[in-house]
> 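If you scroll down you'll find the structure; I have some questions about it.
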Amino acid sequence: MSSAVNMGIPGSVSRTTSSAEGKRVLLAEPRGYCAGVDRAVETVEQALDKFGAPVYVRKQIVHNKHVVETLSDRGAIFVEEVDEVPEGAIVVFSAHGVAPVVHEESAKRNLHAIDATCPLVTKVHQEAKRFARDDYDILLIGHEGHEEVEGTAGEAPEHVQLVDGPNSVDKVVVRDESRVVWLSQTTLSVDETMETVRRLREKFPSLQDPPSDDICYATQNRQVAVKAMAPECDLVIVVGSRNSSNSVRLVEVALDAGAKSAYLVDYAKEIDSAWLDGVNTVGITSGASVPEILVDGVIEFLASHGFGSLQSVTTANETLVFALPRELRAPRKANNT
C-alpha cells in the first residue's frame with residue numbers, strides 16, 4: 001500500500017491515511033537527484049555518446065559510488081588531476097566546481113574541457129570573486145578538503161578564510177571588521193551553518209550576508225523533509241555515499257530531529273537486519289547525488305522484512321532544471337520564416 005501523509009509542515013501534502021497496522025515505511029519527498037547532479041551525470045553520458053569513450057572526468061562527477069561505477073563501465077575514466085589526462089583529450093569538470101588554476105592547467109594541455117559545475121556552485125564562485133574585488137575578507141563556511149570548498153577558495157585564495165563549523169570561529173582573524181562577508185559550501189546542514197554565522201556575527205557585528213542563500217535549495221528541501229518525518233521514526237535510512245556531504249548531513253539532521261537511530265548506506269545489502277529489531281516505523285531518504293534505483297532496493301529489502309506499508313512525506317515539489325553545458329546542447333534549428 002502506498003499513500004501520502006501530512007506531517008504538519010507548511011507545504012506538505014494534505015492527504016492522509018488511517019494508521020496502517022504493523023510496520024510502515026515513510027518515504028521523504030523530495031529526495032535523490034537534484035537539478036545540478038542530474039545535469040552533471042547527463043553531461044558525462046552525453047559526452048560519451050557524442051565523442052565516444054574514453055571521456056576523462058576530474059574527481060568524481062558527483063559523490064556517489066554507484067553513479068561513478070556505472071559511468072566507468074560506460075567508458076568514463078576518473079582522475080584526480082588534469083595532468084593525468086592525455087594531451088588533447090576531453091575532460092569533464094565535476095559538479096563541485098574547480099579553481100581557476102585547473103582551467104589554466106587544462107588549457108596548457110590543450111584539453112577539451114566541459115564544465116559540469118552546478119550553477120548554484122558557480123553562483124558562490126561569482127560571489128567570492130566580487131567580494132575579493134571589493135577587498136573583503138571572505139569567511140567561507142565549509143568542510144576542509146571538500147572539492148567544492150577548494151574550488152571556491154581558489155577563486156580568491158588571498159581573501160578566503162575557511163571556517164569549518166562553529167568551533168572554528170574563535171580562530172578567525174580579519175584585517176578590517178567592517179569589510180567581512182560570509183559565504184558557504186552549498187551542501188551543509190542549514191542549522192549548523194546558521195549557528196556558525198551566529199557566532200561569527202557575535203565576533204564581527206558588521207558581518208555581511210551573501211546576496212542570496214548559498215546552501216542549495218535541494219540540500220535545504222531534503223533536510224526539511226527529514227525533519228518532518230524523523231520524530232515518527234524508530235529508524236531512518238539515508239541512501240548515499242560517505243564522501244557525500246549532503247548525505248552525511250541528512251543522518252545528523254534525522255537524529256537531531258528525533259529519529260531514534262539513523263544510518264547511511266550505499267546499497268540495501270549494507271543494511272544490518274539487527275537495525276530493524278523492535279522497529280515499527282522506518283524513514284527513507286537519499287542524498288542529492290543518489291539515483292532512485294538505490295532507494296527502490298531499500299524499499300524492497302524492507303518489504304521483505306515485513307514493512308509493507310509505504311507512505312510519502314512531501315514537504316516540497318522541485319521543478320528546477322538546468323541546461324547542459326553549451327558543448328552538448330542540441331544546435332538550434334534555423335528559422336526560415
Side-chain angles (χ1 to χ4, degrees), residues 29-64 66-68 70-71 74-76 78 82 85 89-100 102-103 106-107 111-130 147-148 151-152 154-155 183-187 210-222 244-246 286-293 316-337:
E29 293 186 20
R31 63 181 179 278
Y33 272 14
C34 63
V37 165
D38 194 40
R39 173 183 185 266
V41 174
E42 189 177 354
T43 294
V44 179
E45 292 174 338
Q46 292 287 340
L48 286 164
D49 288 344
K50 183 173 182 177
F51 304 110
V55 165
Y56 292 83
V57 183
R58 182 186 179 273
K59 308 289 187 180
Q60 293 188 358
I61 186 66
V62 296
H63 287 158
N64 184 264
H66 176 81
V67 170
V68 171
T70 301
L71 292 173
R74 285 201 55 191
F78 292 87
V82 293
V85 181
I90 293 165
V91 63
V92 177
F93 297 145
S94 80
H96 309 103
V98 298
V102 177
H103 288 279
S106 297
L111 302 181
H112 300 280
I114 301 174
D115 193 350
T117 300
C118 173
L120 300 180
V121 174
T122 299
K123 177 183 76 72
V124 181
H125 281 227
Q126 297 301 329
E127 291 170 355
K129 289 192 284 188
R130 171 193 150 190
E147 290 150 41
E148 183 186 328
T152 302
E155 293 287 0
L183 304 177
S184 81
Q185 181 181 329
T186 63
T187 54
S212 59
D213 199 345
D214 282 349
I215 297 179
C216 98
Y217 77 95
T219 296
Q220 295 186 57
N221 286 349
R222 281 147 190 72
S244 166
S245 178
N246 76 89
S286 58
S289 51
V290 177
E292 188 65 8
I293 189 172
N317 293 303
E318 295 177 351
T319 58
L320 185 64
V321 176
F322 293 132
L324 287 172
R326 64 180 182 277
E327 297 90 345
L328 300 172
R329 294 175 200 164
R332 291 183 179 179
K333 293 181 180 179
N335 188 348
N336 296 320
T337 58

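Bear in mind the structure is a predicted one, so any value in this text is a computation, not a measurement.
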> For the residue pair Lys123 and Ser212, what are the closest heavy atoms and their distance?
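In this case the closest contact between Lys123 and Ser212 is NZ-OG, 3.2 Å.
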> Please name the pair of heavy atoms, one in Thr219 and one in Thr187, separated by the smallest distance, quoted to 0.1 Å.
OG1-CA, 3.6 Å
> Could you tell me the separation between the CD atom of Gln185 and the CD atom of Glu147, rounded to the nearest 0.5 Å?
10.0 Å
> Would you please test Val62 and Tyr33 for side chain to side chain contact (heavy atoms under 4.5 Å, CB included) and show each step?
CA-CA 10 Å; Val62 296; Tyr33 272 14; 5.8 Å; no
> Apply side chain to side chain contact (heavy atoms under 4.5 Å, CB included) to residues Gln220 and Asp213 and explain how you reach the verdict.
CA-CA 10 Å; Gln220 295 186 57; Asp213 199 345; 2.9 Å; yes
> If the threshold is 4.0 Å, N to carboxylate O, is there a salt bridge linking Glu318 and Arg222?
yes
> At what distance, to the nearest 0.5 angstrom, does OG1 of Thr117 lie from CZ of Phe322?
12.0 Å
> Do Phe93 and Val82 make a side-chain contact, defined as non-hydrogen atoms from C-beta onward lying under 4.5 Å apart?
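The answer is yes; the side chains approach within 4.5 Å.
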> Please round to the nearest 0.5 Å and tell me the distance separating atom OG of Ser94 and atom CZ of Arg58.
7.0 Å
> Check Ala40 against Ile61 and note the closest heavy-atom contact, atom names and distance.
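Where Ala40 meets Ile61 most closely, the heavy atoms are O-CG1, 3.6 Å.
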> Taking side chain as C-beta onward, heavy atoms only, is Val68 less than 4.5 Å from His63?
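In short, these two side chains do not touch, never coming nearer than 4.5 Å.
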> Pair His112, Phe51 - check ring-ring contact (aromatic ring centres under 6.0 Å, His included), show working.
CA-CA 11 Å; His112 300 280; Phe51 304 110; 8.0 Å; no
> Measure the OG1-NE2 distance between Thr152 and His96 for me, rounded to the nearest 0.5 Å.
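Reported value, rounded in 0.5 Å steps: 11.5 Å.
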> Closest heavy-atom contact between Thr43 and Leu324?
OG1-CD2, 3.7 Å
> To the closest 0.5 Å, what do you measure between SG (Cys216) and CG (Leu320)?
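Rounded to the nearest 0.5 Å, the SG-CG separation comes out at 9.5 Å.
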> Looking at Arg326 and Asp115, is there a salt bridge between them, counting it only when a charged N and a carboxylate O are closer than 4.0 Å?
no
> Does the side chain of Ile90 come within less than 4.5 Å of Leu111's, by heavy atoms?
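Of all side-chain heavy-atom pairs linking Ile90 with Leu111, none is under 4.5 Å.
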> Using only heavy-atom distances, determine whether the side chains of Glu148 and Thr186 contain a donor-acceptor pair under 3.5 Å.
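The answer is yes; a qualifying pair exists.
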> Please report the closest heavy-atom contact between Val67 and Pro291, naming both atoms and the distance.
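Result for this residue pair: CG2-CD, 3.8 Å.
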> Decide, yes or no, whether a salt bridge links Lys129 with Glu127 under the criterion of side-chain N to carboxylate O below 4.0 Å.
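Here Lys129 does not pair with Glu127 in a salt bridge, since their nearest N and O are not under 4.0 Å apart.
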> Are Glu327 and Lys50 within salt-bridge range, i.e. N to O under 4.0 Å?
no
> Of the non-hydrogen atoms in Val85 and Ala89, which two are nearest, and what is the gap between them?
CG1-CB, 3.8 Å
> With a 4.5 Å limit on heavy-atom distance, are the side chains of Pro325 and Gln46 in contact?
no
> Verify whether one side chain among Glu29 and Asn317 offers a donor that lies under 3.5 Å from an acceptor in the other.
no
> Which value, rounded to the nearest 0.5 Å, describes the distance between Arg31 atom CZ and Ser286 atom OG?
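Those atoms lie 6.0 Å apart.
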> Quick one, Leu71 and Phe78 - any side-chain contact, counting heavy atoms below 4.5 Å?
yes
